[in-house]
Amino acid sequence: MAKEESGGTGVVLEASRREKLRKIIEMGIDPWGSRFDGQLSIGSVRARENEIVVGEPIAPPPPPEGQPQWRKPEIPMSGPTVRVAGRIMLQRRQGKLIFLTIRDWTGQIQILIGKNQVGEKNWELALCLDLGDLIGVDGEFKKTQKGELTIFASGLTFLSKSIETPPDKHSGLSDPELRSRLRYMDLVHTDGVMERMLNRTKILASIRKTLGGEGFVEVEGPTLHSVAGGAAARPFLTHHNALDIPLYMRIALELHLKRLLVGGMERVYEIGRVYRNEGIDQTHNPEFTMMELYQAYGDYRSMMDITEKIITGALDAIGKGYKIEWAGKEFDFTPPFARRSYFELFREKTGVDPADRDAVRAYAASLGLEDLDKKDPDVILNEVFEEKVEDALEGPVFVTDYPASICPLTKRKRSNPAIAERFELFINGMELANAYTELNDPDLQEELFRNQLAGQKEEDSMAKMDHDFIRALRHGMPPAGGLGIGIDRLVMILTNTTSIREVILFPLLRPEKFG
RNA sequence: GGGAAUGUAGCUCAGAUGGUAGAGCAACGGACUUUUAAUCCGUAGGUCUCGGGUUCGAGCCCCGACAUUCUCACCA
């Protein structure tokens, strides 16, 4: 071979594994395995501990003449014969015995391979095993002298070779970037990751069950939009070659679901990915999962009830009570959640009358907010709200009745057109859900699409004209309630996780440079 | 985008005031039939992120780049 490229230990480690790979092939065994039937989950095997029958200890035979007694009393034991499959996590060699710890997605268990018990060929194979390899094991499930639940192997099946060196067997992966990048190894080696990701799946299933039980149907809207509407966010831009048109990745589900309301799908929801071309931090990933639902003939108050059902149902699904710990604090999700009006909270937290524009403006100035001359009074009001009120909301609390001008897709209160029938659900200062009584007046909607509020940046505005959506409303959309929940954040809260990266299997990372 | 910190073996980490690099795990060889982060003896493994500079001499000091983490701003 030509001069080695500096590879160092890594090259040596791989060479050692490839040498074993070669030996396995020489033995006539496929190092990449094949179908393997009849195995039990390790968790279910461990649950069968009660089937192990323990007999009376048998005194060891007398030692040879002049030798001290060295054998321990033998305890006869028998247990069920089982077959399992998993990844080798630990390996302890002890002469003619090999102890392995293998893991599948339900747990870990110890395997004992004895040279004189397993047969020559299996022993030869066992000597070629590396940490990280996948094997199948047949054997009797019982205990060692130390009481460790163990499968005493009678047969080994090689299922797949691992060429890469696994992380440190004790400390695992700790670098946050590596954990996301090598998520496959993070799932294997970091405690709690598998459980959290599976809990995410359970939460999603629970939401579908809850909504199904309420008569909602799940649909799939388009993710490629020619108008990226329904939210205030910067979209990703892409292009369709055959049509030669620019397209945006969707930033919300809203406008197509409402079209379906027009079409007569009276209770409709979608759980799907949306894409926002914005910053990345502990609570933001460029692609994330939204749940939006729309209920004909409902309003934002109906949405509060459903929100509570979704959250408590999800807590039930992952086996948690309604009082949970998150970010070091306790939150009580026992319904009904608190309901507080936006204006009342504003007055309470700032001491300023939200209706007094000059006072609000003076207060904003005292907070150091800038460009007040150029901003709509409601934009200023909301900036103060976000600054002084939102972060202080422990929750869970429904904040209700928002200033209408910052809610261009929301129906106004009949008694006061300056107030929108909207709520947001906050927990510990974080927005978890957002709901409206949906605006279904096409003329007003068209006007609101045209009016970008003073002081709003274009990309932060929802003022994006969607002519087809207006046309749909002109055909008549039932009065309705609509709700959006950020699924990733919900999972974070329910699984006591403070980083969104910990609840997304493959968060966006800068591409790695190879070679 | 601003600020702070970090970048040393496959993984996890040490390397005071500058003197050409260390441990544990993993690997290789040996001993061991009830271990369990096994143990013991031995061996091998490094362009100290990259590029400049200062210096007789740089992992360490200076400048720059790149990357990551945390944080602030923006957004959900």
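Here is how names work: the chains are called A, B, and so on, in the same order as the sequence lines, proteins then strands, and each is numbered from 1. Because the structure is predicted, anything quoted here is derived from the model rather than measured.
With distances taken from any side-chain atom of A/L13 to the nucleotides B/rA38, B/rC74, B/rA26, the minimum falls on B/rA26. Here B/rA27 is the nucleotide among B/rC11, B/rA27, B/rU34 with the atom lying nearest to any side-chain atom of A/D130. Among B/rC11, B/rU69, B/rU34, the nucleotide with an atom closest to any side-chain atom of A/P176 is B/rU69. Of the candidates B/rC13, B/rU69, B/rG10, the closest approach to any side-chain atom of A/S174 belongs to B/rC13. Closest contact between the side chain of A/T165 and the listed nucleotides B/rU34, B/rG10, B/rA76 involves B/rG10. Listed nucleotides B/rA27, B/rC11, B/rU69 differ in distance to A/E177; the shortest reach to its side chain belongs to B/rU69. Minimum atom distance to the side chain of A/Q110 is reached by B/rU36, of the listed B/rA27, B/rU69, B/rU36. Set against B/rU69, B/rU36, B/rA26, the side chain of A/L131 has B/rA26 as its closest nucleotide.
A/L90 comes within 4.0 angstrom of the backbone, heavy atoms only, and of no base. At the heavy-atom level, A/Q282 lies under 4.0 Å from the strands shown only through sugar-phosphate atoms.
Computed from coordinates, the A/I280 CD1 to B/rU68 P distance equals 9 Å when rounded to whole Å. Rounded to an integer number of Å, the gap from CD1 of A/I98 to C1' of B/rU34 is 14 Å. Atom CG in A/N277 sits about 14 Å away from atom P in B/rA76, given to the nearest Å. Atom CZ in A/R489 sits roughly 12 Å away from atom P in B/rC75 (whole-Å rounding). Straight-line distance from the CG atom of A/D186 to the P atom of B/rC11: 14 Å, rounded to whole Å. Atom CZ of A/R93 is separated from atom P of B/rC41 by 20 Å (rounded to the nearest Å). Computed from coordinates, the A/Q91 CD to B/rA26 P distance equals 10 Å when rounded to whole Å. Remark: C1' of B/rA4 and CG of A/D281 are 17 Å apart, rounded to the nearest angstrom.
Evaluation of the salt bridge (charged side-chain N to carboxylate O under 4.0 Å, His left out) test over residues 491-505 of chain A, restricted to residues two or more places apart or in two chains, returns A/R179-A/E502, A/R196-A/E502. Residues in residues 393-408 of chain A take part in these salt bridge (charged side-chain N to carboxylate O under 4.0 Å, His left out) pairs, two or more places apart or across chains: A/K329-A/E394, A/D401-A/K413. Every pair passing salt bridge (charged side-chain N to carboxylate O under 4.0 Å, His left out) that includes a residue from residues 158-177 of chain A is listed here, sequence neighbours excluded: A/D130-A/K161, A/D133-A/K161, A/E177-A/R181.
The side chain of A/R234 places no N or O atom within less than 4.0 Å of a non-bridging phosphate oxygen (OP1 or OP2) of B/rA76. Applying the 4.0 Å criterion to OP1 and OP2 of B/rC32, one finds that A/Q94 has every side-chain N and O outside that range. Between A/R276 and B/rC74 there is no side-chain N or O to OP1 or OP2 distance below 4.0 Å. When the side-chain nitrogen and oxygen atoms of A/T101 are compared with OP1 and OP2 of B/rU36, none of them lie within a distance under 4.0 Å. Here A/R510 reaches the OP1 or OP2 of B/rU68: one of its side-chain N or O atoms lies under 4.0 Å away. Of the side-chain N and O atoms in A/K169, one or more sit less than 4.0 angstrom from OP1 or OP2 of B/rA38.
Not counting sequence neighbours, the partners of A/E14 by the salt bridge (Lys or Arg N to Asp or Glu O under 4.0 Å) test are A/R18. Taking the side-chain hydrogen bond (donor to acceptor under 3.5 Å, both in side chains) definition, one finds that A/T150 meets it with A/Q110, sequence neighbours left out. Under the side-chain contact (heavy atoms from CB on, under 4.5 Å) criterion, A/M185 pairs with A/R87, A/P167, A/L173, A/L182, A/V188, A/H189, not counting sequence neighbours. Applying the side-chain hydrogen bond (donor to acceptor under 3.5 Å, both in side chains) criterion to A/E124, with sequence neighbours excluded, gives no partner residue. Applying the ring pair (Phe, Tyr, Trp, His ring centres under 6.0 Å) test to A/H225 and every residue at least two apart in sequence or in another chain returns A/H256. In this structure A/F236 satisfies the side-chain contact (heavy atoms from CB on, under 4.5 Å) test together with A/M249, A/Y275, A/N277, A/P286, sequence neighbours excluded.
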Strictly under 3.5 Å: I want the nitrogen or oxygen pairs between protein and nucleotides 21-24 of chain B, one per line.
residue, atom, partner, partner atom, Å
B/rG24, N2, A/D168, OD2, 2.6

Just the table, please: protein N/O against nucleotides 5-7 of chain B N/O, every pair under 3.5 Å.
none

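Donor-acceptor pairing under 3.5 Å, judged by distance alone, is absent between the side chain of A/D175 and the base of B/rC11.
A stem is defined here as three or more consecutive Watson-Crick or G-U pairs, each with both distances under 3.5 Å; for RNA chain B these stems are B:1-7 with B:66-72, B:10-13 with B:22-25, B:27-31 with B:39-43, B:49-53 with B:61-65.
Aromatic rings from A/Y294 and A/Y269 are positioned such that their centres are separated by 6.0 Å or more. The aromatic ring centroids of A/Y436 and A/Y300 lie 6.0 Å or more from each other.
On the C1' atoms, B/rU6 is 30 Å away from B/rA76, given to the nearest whole Å. As rounded to the nearest Å, B/rG52 and B/rA58 have P atoms that lie 13 Å from one another. A gap of 24 Å separates the C1' atoms of B/rG45 and B/rA38, to the nearest Å. Between B/rU20 and B/rC60, the two C1' atoms lie 13 Å apart (nearest whole Å). A gap of 35 Å separates the P atoms of B/rU43 and B/rG57, to the nearest Å.
In the model, A/R92 has no side-chain atom that pairs as donor or acceptor with a side-chain atom of A/Q94 under 3.5 Å. Side chains of A/T289 and A/R200: a donor-acceptor N/O pair is present below 3.5 angstrom, by distance only.
A cation-pi geometry, defined here as NZ or CZ lying under 6.0 Å from the six-membered ring centre and within 45° of its normal, holds between A/R422 and A/Y402.
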